[in-house]
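Each chain gets a letter, A, B and so on, in the order the sequences are listed, and its residues count up from 1.
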Number of protein chains: 2
Amino acid sequence: MDFINHLTSNNIKPSLQRIKIFEYLYDNREHPTVDTIYSDLVGDIPTLSKTTVYNTLKLFIDNNITSTVTIEDNEVRYDAIMEEHAHFKCEKCGNVQDVEIDVSALKFKEKNSFKVEKTNIYLKGKCNKCLNKIN
Amino acid sequence: MDFINHLTSNNIKPSLQRIKIFEYLYDNREHPTVDTIYSDLVGDIPTLSKTTVYNTLKLFIDNNITSTVTIEDNEVRYDAIMEEHAHFKCEKCGNVQDVEIDVSALKFKEKNSFKVEKTNIYLKGKCNKCLNKIN
DNA sequence: TCTAAATTTGTAATCATTACAATTTTATAA
DNA sequence: TTATAAAATTGTAATGATTACAAATTTAGA
Ligand SMILES: [Mn+2]
Ligand SMILES: [Mn+2]
Ligand SMILES: [Zn+2]
Ligand SMILES: [Zn+2]
């Protein structure tokens with residue numbers, strides 16, 4: 001993945017902060033929060049500001065190279081994978097993982113029609129790891 | 001719908017505030033926010049406190065007679081209809097409507113299995129009304 | 001009626017996010 | 001290269017939703 005080219009081709013000037021934040025998001029697929037992103041990167045970029053993380057993620061979202069995952073109503077997570085997929089959160093361990101899904105199979109029998117442009121599917125339950133624990 | 005009985009049979013003592021808030025939520029299907037609920041009910045119950053609205057909704061959720069609708073990451077909406085259904089938000093007019101959906105049709109081909117206990121499906125786009133406007 | 005428990009209320013605290021102005025960095029032209 | 005303007009980053013203050021908490025009110029039972 002050529003991050004600089006990816007940013008540039010999406011009209012985003014590739015500053016150090018932007019490259020690092022996008023790289024982090026792309027490599028860490030567990031859908032981190034702003035705080036996690038900031039904490040994990042501030043060692044690398046000591047001058048990093050949390051405001052920059054917020055600004056940068058907003059910029060990414062406006063340019064469609066990042067999306068939010070709001071599977072909980074009290075935390076916003078971020079995702080750099082833009083291919084359509086669902087999300088599963090384990091309510092035991094808290095992990096949020098990607099789920100391949102065929103969204104086109106979603107046929108809703110609606111009387112009043114509307115045009116769907118975005119679909120978000122959020123699943124919750126227990127993950128394989130937690131199911132196999134004996135406690 | 002017998003609201004008092006519904007609350008009682010779900011282990012919730014039917015105080016005036018609880019009855020009115022649940023009744024409001026059940027009758028107004030547009031998935032109101034705390035502020036909307038409070039504003040619309042304070043005329044009816046002049047002593048109503050916003051804290052009571054928060055407390056009561058939390059109580060409803062804990063007892064599974066209400067759920068949250070977090071189709072936007074910056075506002076929490078509430079819903080008293082507990083039958084499984086999806087939600088559609090029109091990005092023109094902001095309306096959030098219910099969508100009948102066959103959740104069982106959702107087959108995800110996952111390598112790592114997990115046990116799904118709750119499913120939330122959020123759709124966004126343009127509603128019928130807004131599509132038919134000439135502007 | 002009296003008393004304790006439950007509920008409601010108002011205010012203060014918390015915490016995530018945004019606004020904004022100052023500083024720093026980058027790009028451009030002389 | 002140097003000067004200047006634009007863009008990006010930063011730190012701090014403001015905002016706003018939610019929660020904590022203690023006081024007041026209401027309800028239920030003896
Ligand atoms: Mn994802
Ligand atoms: Mn609904
Ligand atoms: Zn788990
Ligand atoms: Zn509309």
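- When rounded to the nearest whole Å, the span between NZ of K20(A) and P of dT10(D) equals 14 Å.
- Using the six-membered ring where Trp is involved, F88(A) and F114(B) have ring planes that are parallel, under 30° apart on the 30 and 60° scheme.
- Checked against a 6.0 Å centroid threshold, the rings of H6(A) and F22(A) count as neighbours.
- Sorted by first and then second residue, the side-chain hydrogen bond (donor to acceptor under 3.5 Å, both in side chains) pairs involving residues 14-26 of chain B (not counting sequence neighbours) are K20(B)-D44(B), Y24(B)-D40(B).
- With rounding to whole Å, I19(A) atom CD1 is found 13 Å from dA8(D) atom P.
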Sugar-phosphate or base contact per nucleotide [nucleotides 6-22 of chain C; S, B, -; heavy atom under 4.0 Å]:
SSSBBB----SBBB---
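- Between I21(A) atom CD1 and dA8(D) atom C1' there is a gap of 12 Å when expressed in whole angstrom units.
- Using a cutoff of 4.0 Å between basic side-chain nitrogens and carboxylate oxygens, E91(A) and K115(B) are not scored as salt-bridged.
- Ion pairing of D79(B) with R29(B) is absent here, as no side-chain N (NZ or NE/NH1/NH2) approaches a carboxylate O to less than 4.0 Å.
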